[in-house]
Protein chains: 2
Amino acid sequence: MAARYIDIKNSLKQAILNNEYRVGDKIPSERELALHYDVTRVTLQKAMHVLEQEGFIERIHGKGMYVTKVIEDNVYLLNNGTSDSILGFSREFKNQVKVSSKLITLNKIAAGEYIAAQLDIHADADIHYIRRIRLVDNVPVLIEDSYIPCAVIASIPEAVLQKASLYEYIENKTGRKIKFYNSVIEAALFDETLSALLNIETGSPMLKVSGVTKLEDGKAFNYSISFNRADMFKIKNSWVGK
Amino acid sequence: MAARYIDIKNSLKQAILNNEYRVGDKIPSERELALHYDVTRVTLQKAMHVLEQEGFIERIHGKGMYVTKVIEDNVYLLNNGTSDSILGFSREFKNQVKVSSKLITLNKIAAGEYIAAQLDIHADADIHYIRRIRLVDNVPVLIEDSYIPCAVIASIPEAVLQKASLYEYIENKTGRKIKFYNSVIEAALFDETLSALLNIETGSPMLKVSGVTKLEDGKAFNYSISFNRADMFKIKNSWVGK
DNA sequence: TAGTGGTCTAGACCACCTG
DNA sequence: AGGTGGTCTAGACCACTAG
């Protein structure tokens with residue numbers, strides 16, 4: 001079903017996560033791996049480039065490919081830009097900790113100019129405005145505001161917002177996968193309203209992440225802003241040259 | 001000299017920046033562009049994938065390629081993870097504003113465990129510890145601490161730290177290009193020491209970016225932490241699925 | 001020099017979108 | 001149906017690293 005290079009990438013990723021290859025180990029050469037998986041070098045390279053981008057290996061010209069320093073500090077929750085499934089909050093953490101949501105607001109309103117511009121729709125188009133508190137092991141850690149055009153999803157069951165992953169719901173409902181995520185990361189301070197919702201001090205530092213999510217067909221379906229407790233969130237970012 | 005696909009990417013990037021293609025425009029198909037640049041589709045696709053990663057175009061299966069919303073808010077300075085030359089501060093901004101540095105500290109010290117672990121060297125190896133204030137149009141906007149192994153660069157002229165780009169100096173000195181950058185982004189508050197250096201209020205929000213930079217041969221050469229005024233810096237992050 | 005990753009060709013077939 | 005991007009093959013040559 002999926003592309004061959006994705007399968008290969010996942011296979012090697014699992015091998016690394018299972019410690020079959022350890023940090024600093026040299027993994028087999030492209031030519032060996034291509035033979036093993038029975039693909040051409042071009043296809044294998046595609047897999048390896050993705051693995052590199054995701055931060056699992058390092059490719060060094062003339063030397064070989066090496067397993068990178070591990071996925072580090074698990075005390076803090078991270079949310080990066082290069083994983084398979086960055087986007088949904090519950091998706092990312094559901095196997096590690098107990099994630100839940102508390103729905104604060106669910107309204108149908110007109111987009112207004114700013115939101116409309118982000119979503120590439122008309123300012124008078126209807127959208128769902130959703131505000132949720134996210135909890136990890138029952139501790140509130142962030143507030144997330146979402147703006148979703150009614151044209152994409154006519155209605156959103158409250159049950160989804162309370163318990164399930166909104167992204168999975170939308171992928172299933174529309175039959176399209178999530179493709180794009182453009183975000184802007186900023187630091188700010190929690191104001192009275194938001195700090196009260198998280199039960200923390202006003203003026204605490206916040207990591208604010210806002211962005212637009214798009215589906216495979218290029219249609220924007222969600223503009224979101226999340227206000228994250230700075231003491232619980234970091235963002236890992238990796239970059240590979242050229 | 002450079003790879004063909006990089007040239008093509010830059011050529012199209014320039015065309016977009018010059019408004020030869022405007023936001024929302026459909027650009028020619030892969031097959032047309034491949035013909036025009038006289039390369040195969042595979043090579044052309046490589047160029048386009050990079051261009052997509054850098055946020056200039058969107059590729060939509062079955063439809064075509066479209067110019068993405070522009071590089072936006074130029075009042076704030078941004079520092080993202082997908083550009084050609086993210087890394088150096090002066091590199092990124094030297095054509096837009098007047099960037100200068102003020103050297104606060106330049107010491108040769110032992111790495112110590114934490115820094116040594118980041119740089120993958122011994123804890124008793126010598127490093128340069130550098131603290132600089134960066135100014136944009138003579139306004140101090142961030143503080144940057146750098147930890148550079150003496151084994152990579154024996155000495156660093158003060159003049160470089162005051163005026164020039166440290167990264168360019170190192171690329172020239174070692175004859176190797178910068179390849180890697182793994183960073184962690186956090187939010188925090190400015191303490192007394194740091195706020196005094198930037199002449200802002202203690203307790204102001206800060207965007208803290210720390211990371212390791214590596215050269216082409218995989219050798220770590222700089223662990224840095226930058227403390228950025230949150231009101232002047234945002235980070236743009238784009239992610240493309242699959 | 002032998003081995004590695006980096007780039008490129010000239011095809012081919014598939015999956016998706018639109019009229 | 002015709003055009004678009006997505007994937008893949010089976011080679012080839014180049015650039016870099018090491019002993």
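All values reported here derive from a predicted model rather than from experimental measurement. The chains referred to below are lettered A, B, ... by the order of the sequence lines, with proteins before strands, and numbering in each begins at 1.
- Across the protein-nucleic acid pair, A:Glu58 atom CD and C:dG6 atom P stand 12 Å apart, rounded to whole Å.
- Nearest to the side-chain atoms of B:Tyr5 among the listed nucleotides C:dC8, D:dA18, C:dG5 stands C:dC8.
- Here D:dA18 presents its C1' atom at 13 Å from CD1 of A:Ile60, a figure rounded to the nearest Å.
- The listed nucleotides are C:dA10, C:dG5, C:dA12; the one nearest the side chain of B:Thr40 is C:dA10.
- Side-chain contact, A:Tyr223 with A:Tyr114: a donor N or O sits under 3.5 Å from an acceptor N or O.
- Remark: P of D:dG2 and NE2 of B:His61 are 18 Å apart, rounded to the nearest angstrom.
- Distance CE (B:Met48) to P (D:dT4): 13 Å, rounded to an integer number of Å.
- Nearest-nucleotide mapping onto DNA chain D: of B:Arg59 and A:Leu44, the residue sitting toward the 5' end is B:Arg59.
- The partner of D:dA10 is C:dT9, by the rule that a Watson-Crick or G-U pair needs both atom distances under 3.5 Å.
- Picking from D:dT4, D:dC13, C:dC17 the nucleotide with the shortest atom distance to the side chain of A:Arg31 gives D:dC13.
- The residue B:Ser29 sits close only to the backbone: its heavy atoms come under 4.0 Å of sugar-phosphate atoms, none of a base.
- If you find the closest nucleotide of DNA chain D to A:Thr43 and to B:Arg41, the one lying nearer the 5' end belongs to B:Arg41.
- Toward the 5' end of DNA chain C, the nearer of the two residues B:Gly62 and B:Val42, judged by each one's closest nucleotide, is B:Val42.
- Side-chain proximity of A:Glu32 to D:dT9, C:dG5, C:dT4: nearest is C:dT4.
- Between the side chain of A:Arg4 and the base of D:dG6, no donor-acceptor pair of N or O atoms lies under 3.5 Å.
- Between B:Lys63 and C:dC16, a side-chain N or O to OP1/OP2 separation shorter than 4.0 Å is absent.
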